[in-house]
Amino acid sequence: MMTDNTATFPSVPQRRPVVIENGAIGMLLFVVCEVMMFAGLVSAFNIARAGAGGVWPPMGQPRLPLEETAINTIALLISGVLIAYTAQRFNRAKAVADQTTHRILLAAILLGVFFVGFQGMEWLALLKEGLTLTSSQHGSFFYLIVGMHALHAVGAILFLVICWINARRGKMGKSAFSAACVLWYFVVGVWPFLYLTLYL
Amino acid sequence: MSDSHDHHESHGFMSYAFSTDHKVIGMQYMFTGMAMALIGGFFAYAFRMQLAFPGMDVPLYGIVSSAEYNSLVTNHGTIMIFWVAMPVLIAAFGNFLIPLMIGCDDMVFPRLNRLSYQIFLLSAIVLISSFFVEGGGFGGAWTSYPPLSAKAEYNLTPLGSSLWLLAVALEFVAFLLGGINFITTVMNARAPGMTMDDIPMVIWMIVLASILFMASVGPLIAGAVMLFFDQQLGTAFFDPDRGGDPVLWQHLFWFFGHPEVYVVLLPAMGITADVMCVFARKKLFAYRTVLYTAIGTGVLSFFVWAHHQFISGIDPRMANLFTVTTLLISIPIAEMCFVYIATLYGGSIRLTTPMLWALAFLGEFMIGGVTGIFLGASGSDIYLHDSYFVLAHFHYTFFPIAIIGVFAGITFWYPKMFGKMMNETMGKIHFWGTVIPFNCIFIPLFLLGIGGQHRRIYNYEHFPELAGKSMQDMRVFATVSLCIMLIFQFVFLYNFFASLLKGKEAGKNPWKSNTLEWTTESPPPHGNWKELPNCYRGPYEYSVEGREEDYWPQNIPDDEPAGGAA
């Protein structure tokens, strides 16, 4: 069968001092692309809204749950802060095996899961009110943009869960965790902009 | 970095197909790209025959129906840009050259690299399969403007158009992964001693192209998702009847589409710079100027996209603005061409095959650049838009990039890739047999375009003002030239494979070049070097005064007498 000759990398250590971890640079570049993608989506939404003649959502369309989502937004922001705190603790020497750090990481992950779950409940409620992907431009853009964000959130949560499992086993890669953090900061950081654009 | 020193050499198909070695992946990209180029070239042959001899039973193809004509034109463009130029120029050369030229053993994310190629291969398979589904392949032009592309009742290719879109999206994912790898590798894995100014220009250009690609592709991915939803889920993002906006797609598409031109141009420019320095035995004139100019071009390329939409109903004031930025971008490109000419000045030029290709790149690309001025100015574009003038201009930029630039690169690095020299005589026959017919194809098309010949017409017999004998003669001339050019490509293929078997042994450094890839075996072993090199100087120290040899490899310390001391 196939031989995976990367199974035990790296054998050649990097030969110049690393300023930023490979994983962080790689993920940052990915995030640049994703920021531009959301910029594209949001500008498309703004153009559609400008074309609708001032009233948004259009008359007779369901309103979006502004207050509930505010709670959700705060949960996500706290999760971002917790991840930053975890990263700081991991950076200190020998903290990889620290139980408290693992618990903080888990709390951050659970807050993320809460965010996605809460958003899912909100979708179900809105679908009942008749707002679907094809019901109007309002619905199309809402599900498209929030759905795209949810996709990133789920991906980032899975990545963090893998890091959490590896951390508990005591073999978490620095590069991989820095990549997961960058992705999570992106998910957390882009959400308030989407919230203000779509819900207000 | 892969485990390179104590692994067990294993041969066989599976270990090749799933290799994480950057050189193997580079070769996979190159051969896939070459195979796709044959398909794209064959498509061009089929629809050019239809234009020259309408209704003819085309040898090897058969009768071209109007739906097939649209599909052939669309997929010729798509294949040549996304499945030939990008994989060969960026992915093949990037993968093969980056670790070798910066002195490391592999990419920093080897498995991501393998995934990148696998997704790319999948995208090619999806695209090819789209030709065989019900309704045939997508025929709405490579720009895929809605509402034509969004509604099956308009384009009559319900599956073909979605598969086309899916293939393009997968291809973007592949290049995203590849680009992340390239940039991270060049940032973190350079040989000790290699500063920013010691990086060979071709590597800089591939990195800049990857950055441009990553910064511009996002909006198109957004647009592609929206278009896919319109096609398959019944949303109305681009449907004017239900509150959508078709021009929105054009903005999202060209926001990517124009930087994309520079994504493929820059690597070709880089290859040319490296080839020219070696065969002029001279230092690159104004290294930093070239670099900063390329960065400036990249930044500016984000502000020119609407010159594709001058007649799409955008605000004329906006058109003025984009005319200015478009004409501005010709300045840095002209500057780069001048710098290259200055590099040649006073050099001891050797007209080897790669050098001929590099010189041809410069000459032919300038014709493309100069004709672009007429299209960038919104006034003259109103007349020339969507005519064969646009098409000929585009091919005069793209052919030098994707074909001439690639041949310069392949003929130059072939000894390093395979350890054998290519046959020079056959190389030169192929060169002249490609470049002369190329001009014979597209100069008539410029004239036809000025004469008012519109693009994307299946049969000009239906248009009395375009069906005259003189115009038809030019079409026939262009088509015959194309056939001659395609036939000469078999000289290259023969040379390529025959040299693999019976070419002269190349040795480590047949061109007496400075850059690090020439300091290892040809072809390089897995892991590239037995002992990884250090870097002591810039890549273009040719004909340095006081040295016996006229080159000074990057890996030789200053005080070491090898190669002739001061």
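Below, chain A is the first sequence line, B the second, and so on; all start at residue 1.
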(request) Verify the neighbour count for atom CE of Met121(A): are there more than 12 heavy atoms of other residues, nucleotides or ligands below 6.0 Å? (result) no
(message) Looking at every heavy atom in both Thr184(B) and Ile25(A), which two are closest together, and how far apart are they?
(response) OG1-CG2, 3.8 Å
(message) Using heavy-atom distances under 4.5 Å, tell me whether Phe141(A) contacts chain B through its side chain, its backbone, both, or neither.
(response) both
(request) Give, as side chain, backbone, both or neither, the part of Leu28(A) having an atom under 4.5 angstrom from any heavy atom of chain B. (result) neither
(message) Report which part of Ile47(A) has an atom under 4.5 Å of a heavy atom belonging to chain B: side chain, backbone, both, or neither.
(response) side chain
(message) How close do Gly26(A) and Ile180(B) get, counting heavy atoms only, and between which atoms?
(response) CA-CG2, 3.4 Å
(message) Is Phe213(B) close to chain A through its backbone or its side chain, or both, or neither, when contacts mean heavy atoms under 4.5 Å?
(response) neither
(request) Of all the heavy-atom pairs spanning Met226(B) and Ala44(A), show the shortest one and how long it is. (result) CE-CB, 3.8 Å
(message) For the OG atom of Ser140(A) and the CZ atom of Phe237(B), what is their distance to the nearest 0.5 Å?
(response) 4.5 Å
(message) If I measure from the heavy atoms of chain B, does Ala48(A) come under 4.5 Å with its side chain, its backbone, both, or neither?
(response) neither
(message) Taking the side chain as everything from C-beta on, heavy atoms only, tell me whether Ser216(B) gets closer than 4.5 Å to Met36(A).
(response) no
(message) Looking at chain B, which one of Met37(A), Glu21(A), Met148(A) has the largest number of heavy-atom pairs inside 4.5 Å, strictly under?
(response) Met37(A)
(request) Taking all heavy atoms of Ala215(B) and all of Val32(A), pick out the closest pair and write down the distance. (result) CA-CG1, 4.4 Å
(message) Is it the case that atom CE in Met187(B) sees more than 12 heavy atoms from other parts of the structure closer than 6.0 Å?
(response) no
(request) Identify which part of Met27(A) has an atom lying under 4.5 Å from any heavy atom of chain B, answering side chain, backbone, both or neither. (result) neither
(request) Locate the shortest heavy-atom distance separating Thr134(A) from Gly234(B); write the atom from each residue and the value. (result) CG2-O, 3.3 Å
(message) Set out, in order, the CA-CA distance, both residues' side-chain angles and the distance that settles side chain to side chain contact (heavy atoms under 4.5 Å, CB included) for Met214(B) and Phe30(A), then state yes or no.
(response) CA-CA 8 Å; Met214(B) 255 176 280; Phe30(A) 177 72; over 6 Å; no
(message) I need the minimum non-hydrogen distance between Gln137(A) and Arg242(B), along with the two atoms involved.
(response) NE2-O, 3.8 Å
(message) At a 4.5 Å cut-off on heavy atoms, which part of Leu252(B) comes close to chain A: side chain, backbone, both, or neither?
(response) side chain
